[in-house]
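Remarks on the structure that follows.
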Protein chains: 2
Amino acid sequence: MISIGIIEDNDVLRSSLQLLFENSGRFQVAFSLHDARNLLAETELHMPRLLLMDIDMPGINGIDAVKLVKKDFPTVDIIMFTVFEDDEKIFRSVMAGASGYLLKKIPPEKLLEALDDFVQGGAPMTGSIATRVLEMFRKQTQQTAATFNLSARELEILTSLSSGKTYRLIAGERFLSVETVRSHVKNIYEKLHVHSKAEAVAKAFREKLI
Amino acid sequence: MISIGIIEDNDVLRSSLQLLFENSGRFQVAFSLHDARNLLAETELHMPRLLLMDIDMPGINGIDAVKLVKKDFPTVDIIMFTVFEDDEKIFRSVMAGASGYLLKKIPPEKLLEALDDFVQGGAPMTGSIATRVLEMFRKQTQQTAATFNLSARELEILTSLSSGKTYRLIAGERFLSVETVRSHVKNIYEKLHVHSKAEAVAKAFREKLI
DNA sequence: CTTAAAACCCCCTAAACGGGGGATAATTTG
DNA sequence: CAAATTATCCCCCGTTTAGGGGGTTTTAAG
């Protein structure tokens with residue numbers, strides 16, 4: 001029996017899902033929530049094998065919820081279950097740590113099959129290939145500015161540098177003195193371990209800071 | 001009936017595939033080849049709906065074959081069918097223009113299902129989501145230096161600029177005079193429509209020139 | 001064979017940059 | 001609350017860059 005948690009704000013759909021799982025003989029509903037408020041507590045209590053997570057929900061949205069759960073319970077796999085088909089949402093879900101992404105238009109039997117498949121080591125999107133694709137993406141955009149502890153200001157300035165702006169221009173745009181910009185730049189260089197604009201820009205792109 | 005072309009060097013497997021398709025009632029084998037030699041001619045003659053393409057083959061490899069076919073017959077969809085599960089091969093296949101990627105370990109019924117699914121608008125790897133993922137990748141690495149007509153020398157120098165080297169350093173490394181480097185840089189700027197090192201580096205990354 | 005590039009080289013000048021120093025208020029964080 | 005960090009500001013100096021000229025020779029393409 002696979003233990004599953006459902007987070008879905010549409011009551012009718014949530015009930016249907018619950019029924020579907022309970023009558024499948026293969027799944028067991030650990031909990032079923034209308035929103036992500038009690039999600040951490042419930043997860044800790046029941047420790048389900050996986051979560052089926054809606055994206056568009058009142059309060060905390062599904063993607064942020066993924067981050068929260070993954071932070072505290074990295075072993076719980078999360079499958080997004082949503083009507084959104086756009087790249088942005090998919091991408092952000094994957095980055096947040098979702099292991100799969102299913103569309104609500106999937107037929108019930110297919111849903112069970114996909115989840116079953118996933119638990120067997122595949123990814124709901126197709127066997128092992130899709131898993132790799134997700135991994136590739138994850139690697140590609142992982143680290144963020146945080147890695148280098150750039151401040152918001154520094155990141156701003158780094159972005160401006162990357163568009164080829166001179167210190168003077170940046171100073172003008174942000175109402176700073178050129179000297180201030182210069183010292184920010186110095187700090188950026190130190191944090192990134194570089195010694196020139198060109199290097200900083202290159203690193204910013206390579207490390208996906210921009 | 002979906003018309004399909006098979007390119008697979010393993011005779012036993014190829015026969016099995018042919019049998020499978022012919023007895024499926026849904027597929028029709030347009031042609032079945034041991035290697036990619038006569039692929040273009042056969043494709044032109046039979047114009048199959050899709051190709052099932054092995055990667056590791058004598059003579060032309062599957063990935064190059066994809067490029068050739070896609071160049072002349074962009075409407076023919078190509079599904080890679082292989083034992084290789086590594087990112088490199090997947091990535092290169094997608095870049096070459098393959099629409100899907102299936103592993104040989106897939107059970108026969110699943111293969112038919114996946115192809116059927118694909119023809120219905122999905123991607124063999126999962127519904128519409130995987131298709132998007134492939135697209136994302138494709139966009140990410142498309143254009144090359146050719147787009148801006150950078151010469152080999154110019155690309156070299158652009159690369160050096162990106163690592164933060166000064167003109168003097170580059171000149172030293174490549175046994176050029178600083179002035180030569182400078183004029184190459186001028187030409188690069190003109191071609192990329194930029195006016196500084198930082199901008200050039202940024203553009204180089206954005207346009208995947210580096 | 002002419003034309004057009006690519007690749008090579010040179011000079012000059014003003015602006016921009018990198019590295020070194022030092023300082024103060026505000027905010028975050030332990 | 002004290003310590004650390006951040007954001008702000010300032011000076012100096014030598015180097016590097018960008019943009020403006022100028023040019024030759026080799027290679028590729030029409």
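Just so it is clear: chains get the letters A, B, ... in the order the sequence lines come, proteins before strands, and each one is counted from 1. Since this is a predicted model, take the numbers as computed values, not measurements.
When side chains are defined from C-beta on, B/L102 does not count as touching B/F118, because their heavy atoms never get closer than 4.5 Å. With a 4.5 Å cut-off on side-chain heavy atoms, A/S162 and A/V201 count as touching.
No side-chain donor-acceptor contact under 3.5 Å links A/H195 and A/E199. For the residue pair B/R174 and B/T180, no side-chain donor N or O sits within less than 3.5 Å of a side-chain acceptor on the partner.
Classification of A/K104 and A/D54 as a salt-bridged pair holds, one side-chain N sitting under 4.0 Å from a carboxylate O.
Following rounding to the nearest Å, B/I188 (CD1) and C/dA6 (P) show an atom-to-atom distance of 12 Å.
At its two ends the helix from C/dA4-D/dT27 to C/dG30-D/dC1 runs along axes set 70° apart, each axis drawn from five pairs and the angle rounded to 10°.
Considering only residues two or more places apart in sequence or on other chains, A/S163 meets the side-chain contact (heavy atoms from CB on, under 4.5 Å) condition with A/K165. Under the side-chain contact (heavy atoms from CB on, under 4.5 Å) criterion, A/E179 pairs with A/S177, A/R182, sequence neighbours left out. Not a single side-chain contact (heavy atoms from CB on, under 4.5 Å) links A/P74 to another residue, sequence neighbours left out.
A distance of 8.5 Å separates CZ in A/R49 from OG1 in A/T75, rounded to the nearest 0.5 Å. The CG atom of B/L161 lies 11.5 Å from the NE2 atom of B/H184; values are rounded to the nearest 0.5 Å.
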Checklist outcome for this item: Expected string for nucleotides 8-18 of chain C under the B/S/- scheme (protein heavy atoms, under 4.0 Å, primed atoms plus P, OP1, OP2 as sugar-phosphate) is BBBB----SSB
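Protein chain B contacts DNA chain D over a range whose 5' and 3' limits, counting nucleotides with an atom under 4.0 angstrom from a non-hydrogen atom, are D/dT16 to D/dG21.
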